[in-house]
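To start, the structure under review is shown below, and the notes come after it.
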Amino acid sequence: GVFFVRAAALFPCAGGPEAKLLLAIAPGVLWVAALLAALLPVETLVAPDVADGTLDQLVTRGLALETFAAARLVAHWLGFALPLLVALPVAGVLLGTPALAPLALGLLIGTPALAALALLAACLTAGLRGGGALAGLIVLPLALPVLIFGVGVAQPGGLQLLGAATLVIVAVTPFAAAAALRAGME
């Protein structure tokens, strides 16, 4: 939440306090800040469990890697999206956004996809040194549809497209993340 508000506070300083400009760029700024907030803990989502053998122990005890990935996805979303949604009114005031309801609904629907993509990148880079930098390169092209649909949530059909993209990403991620973890364990 704090990172999200700080990122939103920097844009009026950089672009100037012109209300029309801030109103035009506010949704994009808030969605990019949400993406960056999702990527902040990417190096600590899975790598410590791989490094200290916790993941091996869970697999030995019969826990499916898909279940582990789904649990991490929920935990990551709760850890970054809920504080982000609580901080949204402050960020909205800083950017001069009068109508936060469509943006809040869009973030509520779209942030699970951002969390899923961050988790997938964390699983792909779990054993690599400097994996956080690589994670950003992995996530950015995959997150573009979510960002585009999220910014256009007020347009006709925007909310449905965002919901569809989120459902597809969240449904596929536990299986893709488990495959990445299996490949890393071999």
Side-chain angles (χ1 to χ4, degrees), residues 1-7 30-88 104-150 160-186:
V2 174
F3 172 80
F4 183 70
V5 171
R6 286 186 181 179
L30 293 175
W31 272 97
V32 169
L35 173 64
L36 294 175
L39 288 175
L40 276 177
V42 77
E43 288 185 332
T44 59
L45 280 176
V46 177
D49 291 333
V50 170
D52 68 8
T54 302
L55 194 60
D56 292 328
Q57 288 295 320
L58 292 173
V59 170
T60 302
R61 293 178 184 200
L63 182 73
L65 288 174
E66 292 82 2
T67 305
F68 172 80
R72 280 299 163 125
L73 172 57
V74 171
H76 179 43
W77 182 78
L78 290 172
F80 101 91
L82 293 184
L84 183 139
L85 290 169
V86 169
L88 182 61
L105 183 60
L107 284 169
L108 183 66
I109 292 172
T111 50
L114 298 180
L117 291 173
L119 175 68
L120 180 59
C123 290
L124 286 169
T125 61
L128 303 177
R129 201 173 61 176
L134 183 59
L137 294 173
I138 293 169
V139 169
L140 188 58
L142 299 173
L144 281 177
V146 175
L147 296 177
I148 291 168
F149 298 148
Q160 290 85 355
L161 288 171
L162 178 62
T166 297
L167 285 174
V168 168
I169 292 169
V170 169
V172 169
T173 295
F175 301 103
L181 288 172
R182 269 189 212 96
M185 293 170 78
E186 293 176 2

Restricting to non-hydrogen atoms, name the atom on [X] and the atom on [Y] that form the minimum distance, rounded to 0.1 Å.
X    : Y    : value
F3   : L36  : CE2-CB, 3.6 Å
A165 : F149 : CB-CD1, 4.1 Å
I109 : G163 : CG2-CA, 3.7 Å
A118 : A38  : CB-O, 3.4 Å
V50  : A126 : CG2-CB, 4.1 Å
L82  : L78  : CD1-CD2, 3.4 Å

Which value, rounded to the nearest 0.5 Å, describes the distance between [X] atom [atom1] and [Y] atom [atom2]?
X    : Y   : atom1 : atom2 : answer
L119 : H76 : CG    : NE2   : 7.5 Å
F80  : L85 : CZ    : CG    : 8.5 Å
L30  : L35 : CG    : CG    : 13.0 Å
L73  : E66 : CG    : CD    : 13.5 Å
L84  : W77 : CG    : CH2   : 10.5 Å
L58  : R61 : CG    : CZ    : 7.5 Å

Practice problem: Kindly say whether A135 contributes a backbone atom to a donor-acceptor pair with the side chain of T125 at under 3.5 angstrom? | Solution: no
Exercise. Apply side chain to side chain contact (heavy atoms under 4.5 Å, CB included) to L114 and W31, showing your working.
Key: CA-CA 10 Å; L114 298 180; W31 272 97; 4.1 Å; yes
Quiz item: With a cut-off of 6.0 Å (strictly less than), are more than 12 heavy atoms of other residues, nucleotides or ligands near CZ of R182?
Solution: yes
Exercise. Would you mind telling me which of L120, L124, L39 makes a side chain to side chain contact (heavy atoms under 4.5 Å, CB included) with I138?
Key: L124
